[in-house]
Participant: 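Structure in structure tokens, see below.
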Amino acid sequence: MFQRIIILFLTVFSIGIEALANGDSWAKIRREKRGVVEFYWYPNNIVIDNSLDIIDGVEHDLASAFIDYLNKKHGLSIEMRWIETNSFSNVLQTITDGNDGTFGSSSISITDERKKFFNFTPPYLADVAIMITNSNLPIALTEEELKKILDGNTAISITNTTLAESLRRLKSDLNIDFEIEFVRNSGNIIDRIGEQSNSFGYIDIANFLVAIESNTLVRRQFYFPVKLEGLAMIYPLKSDWLEPVEEYFNSDQFQSDKRSIIEKYLGANATDIIERISKSAEIGPLEEIVISNREKESQYEQLLEAAERDQKSERLTIILISIIIVALVILFLIIALYRIKSQNTDRLLEQQRLVEETNNQLRALNEEKNNLIQVLAHDLRSPLSNILNGAQIIETNEKLSDQGNTLLGFILQSSDKMRSLIDKILDVDAIETGKHNIKLEKLELEGVVDQVVKDNKSKALDKSITVAKNLENGLYVNADKIYIAQILDNLISNAIKYSKENSTIKISTNTKGSLTRISVSDQGPGLTEEDKKKVFQKYQRLSAKPTQGEESIGLGLSIVKLFTERMGGKVSYDSQLGAGTTFHIDLQT
């Protein structure tokens, strides 16, 4: 009972606080040269890189620009206070009941009905809502198809918004039945539709243009977009702030601020799209194709990023370039045909299907390529082992001529190099596909280093290279035995490979707190600025060449990075051109 009384008290208290919400009047601020303005908001929750919500960020920066303008123009000192409410409805109610310098900003659409309860600033952004569906639902080619897709499914929206009103109007116009599930904000709409099959809803164009950059679980339907007067901030009907609002929002300064702020959050391309739409009386075919082009640009960007990450062969590069060329040609043809005379969206939809089919083919080719590399590497291991074992038996049991011994040595050396290259390819494939299970344990580091140095001793002796160790006694690290040995082997063998004769390679450790740093230094040629950009990338050849023509396929350092990070560590380096390179591995002790 006591808890209920406390909850009731807090509820009444919070309602009282909202009822008292008001900033200073414009007259008071002009008279006293200072004052307070309150902005009430509710987050949209569309997350982008700088952790501000898209429309929230635009409104925040525009409001700040508005107050800065008034401060500078009139010599004032106005303090801004941002107050977050617990719902979109609370924003509207607070401003309806507020006084003077009280504003609301929460992606608020301008409607005739709302004009009865509060004032609007001039719009700062086009108010266009488009329909999105879960990717499990097909794209409708006709209105009849859309009715079948939506009928009986679940719509996602926000209470007391034009998005919800548009859904109810659609339900009535199409004479279909569906339930509406309400969520907190626009970000939740996109997330819920992506998670819940057979769901759909309206979302504003700005949030959609950003969401398609990363969300592949939703798709746009081409029918029944909704365009309203615009998005704006609101303030009370009885407020005396009409004069400063009109002064700023009708100024050239506002136009300049608006362009730069929107471009900051949405990017130049999306900003151009929205400006084009805002100047049109309705969403016509030209606006439709502009939005579709943006969707395709995002698909191409994702395709390019995936191809750059997985590119391993010249054949894949040729396929990728061919796909991009074909896609660009198709896109050009669509635009050209439209400019001549075409309002038929069927062609555009067909091209979208072709791109999706091409994406599936590319993924299949990539998987087939990976499988082929793995099968070939495994199949090569067996005959290579037979060659190596047979040569070792001959070396041990047979007396050969000098020429025979030379040839046998060449066979052993070549077979060993080939086996090493195959192992590196399989190591990278295993860790990238999750087939290589990690087993972390406390390892005595000195023993691992000694074994790796011993394994590379003959290579160092061939070049009269000294491998010097400076290790702390009794040092343990938390690592996988196979991974740490492979990391050290790659670093030491690389140092030997790129060092001149009679030079020195140093292996040292340094412990700070819970971290141990293992460093491998050489006196080689060092890294150029171009080398530093690709030093840990797979299959990259750096500018330096092995001093005795040793083989390299450019996988060693990528394996070092993969294995180190898999063990929760970090890899770094220091390098000076012409004076050598030191690689550092930081692991938990």
Side-chain angles (χ1 to χ4, degrees), residues 417 420-421 424 427-428 445-446 448-473 475 477 479 483-513 515-565 567 569-587 589:
K417 286 181 179 179
S420 176
L421 296 179
K424 288 183 184 294
D427 280 341
V428 172
L445 185 61
E446 187 172 4
V448 179
V449 173
D450 287 343
Q451 183 60 48
V452 175
V453 171
K454 181 179 178 181
D455 293 342
N456 287 274
K457 184 176 181 180
S458 61
K459 297 177 185 176
L461 290 174
D462 286 344
K463 300 173 76 171
S464 298
I465 291 175
T466 300
V467 180
K469 297 179 296 179
N470 183 18
L471 310 179
E472 298 173 66
N473 293 328
L475 183 59
V477 291
Y483 280 14
I484 189 64
Q486 186 69 42
I487 289 169
L488 291 171
D489 181 73
N490 279 323
L491 292 178
I492 293 173
S493 62
N494 256 17
I496 295 172
K497 188 182 301 181
Y498 292 97
S499 293
K500 295 180 180 180
E501 294 183 356
N502 300 309
S503 59
T504 298
I505 295 170
K506 296 179 181 179
I507 307 168
S508 61
T509 59
N510 182 26
T511 300
K512 288 186 178 180
L515 285 179
T516 291
R517 168 165 288 190
I518 309 166
S519 302
V520 178
S521 303
D522 62 43
Q523 297 174 328
L527 300 174
T528 65
E529 291 304 316
E530 188 63 30
D531 289 339
K532 292 176 182 179
K533 297 177 182 178
K534 56 185 179 180
V535 63
F536 293 116
Q537 297 178 17
K538 293 181 295 184
Y539 303 105
Q540 294 293 331
R541 301 292 182 88
L542 304 183
S543 59
K545 305 298 181 185
T547 55
Q548 287 189 357
E550 295 95 330
E551 292 291 335
S552 174
I553 59 172
L555 276 175
L557 291 176
S558 67
I559 291 175
V560 169
K561 188 174 188 296
L562 282 171
F563 283 10
T564 301
E565 292 177 351
M567 293 189 297
K570 292 183 179 179
V571 60
S572 59
Y573 63 87
D574 299 313
S575 184
Q576 184 176 353
L577 194 61
T581 301
T582 299
F583 283 94
H584 307 290
I585 305 297
D586 295 327
L587 297 173
T589 56

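Numbering starts at 1 and runs along the sequence shown.
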Participant: Got V535 and F583 here, is their nearest side-chain heavy-atom distance under 4.5 Å?
Facilitator: yes
Participant: To the nearest 0.5 Å, how far apart are CG in L527 and OH in Y498?
Facilitator: 10.0 Å
Participant: If we only count heavy atoms from C-beta on, is the V452 to L491 side-chain gap below 4.5 Å?
Facilitator: no
Participant: Check side-chain contact (heavy atoms from CB on, under 4.5 Å) between L475 and all other residues, then give those that pass, not counting sequence neighbours.
Facilitator: L445, E472, T509, T511, T516
Participant: Taking all non-hydrogen atoms of both residues, which atom of I496 and which atom of K463 are closest, and how far apart?
Facilitator: O-NZ, 2.8 Å
Participant: Using the side chain to side chain contact (heavy atoms under 4.5 Å, CB included) definition, which of the options L471, V448, V449, I484 pairs with I518?
Facilitator: I484
Participant: Who pairs with D574 by side-chain contact (heavy atoms from CB on, under 4.5 Å), at least two apart in sequence or on another chain?
Facilitator: H584
Participant: Minimum heavy-atom separation for T581 and G526, please, with both atom names.
Facilitator: OG1-CA, 3.4 Å
Participant: Using side-chain contact (heavy atoms from CB on, under 4.5 Å) as the criterion, list what pairs up with T466, not counting sequence neighbours.
Facilitator: T504
Participant: With sequence neighbours left out, what residues match S499 under side-chain contact (heavy atoms from CB on, under 4.5 Å)?
Facilitator: I465, S503, I505, D522
Participant: With rounding to the nearest 0.5 angstrom, report the CG to CD distance, N502 to Q523.
Facilitator: 10.5 Å
Participant: Using a 3.5 Å distance criterion without hydrogens, assess whether the side chain of T564 forms a donor-acceptor pair with backbone atoms of V571.
Facilitator: no
Participant: At their closest point, which heavy atom of L587 faces which heavy atom of M567, and how far apart are they?
Facilitator: CD2-CE, 4.1 Å
Participant: How many angstroms lie between atom CG of N490 and atom NZ of K497, to the nearest 0.5 angstrom?
Facilitator: 8.5 Å
Participant: Got a sec: does the NZ of K532 have more than 12 other heavy atoms crowding it under 6.0 Å?
Facilitator: yes
Participant: Mind checking the NZ-OG spacing from K534 to S558? Nearest 0.5 Å is all I need.
Facilitator: 14.0 Å
Participant: What is the distance from atom OG of S521 to atom OH of Y573, rounded to the nearest 0.5 Å?
Facilitator: 15.0 Å
Participant: Suppose we screen for salt bridge (Lys or Arg N to Asp or Glu O under 4.0 Å). Which residues come up paired with K570, at least two apart in sequence or across chains?
Facilitator: none
Participant: Write down the atom of G513, the atom of T589, and the distance for their closest heavy-atom approach.
Facilitator: O-OG1, 4.3 Å
Participant: Report the distance from atom CG of D489 to atom CD of Q451, rounding to the nearest 0.5 Å.
Facilitator: 10.5 Å
Participant: Restricting to salt bridge (Lys or Arg N to Asp or Glu O under 4.0 Å), what partner residues turn up for D455, sequence neighbours left out?
Facilitator: none
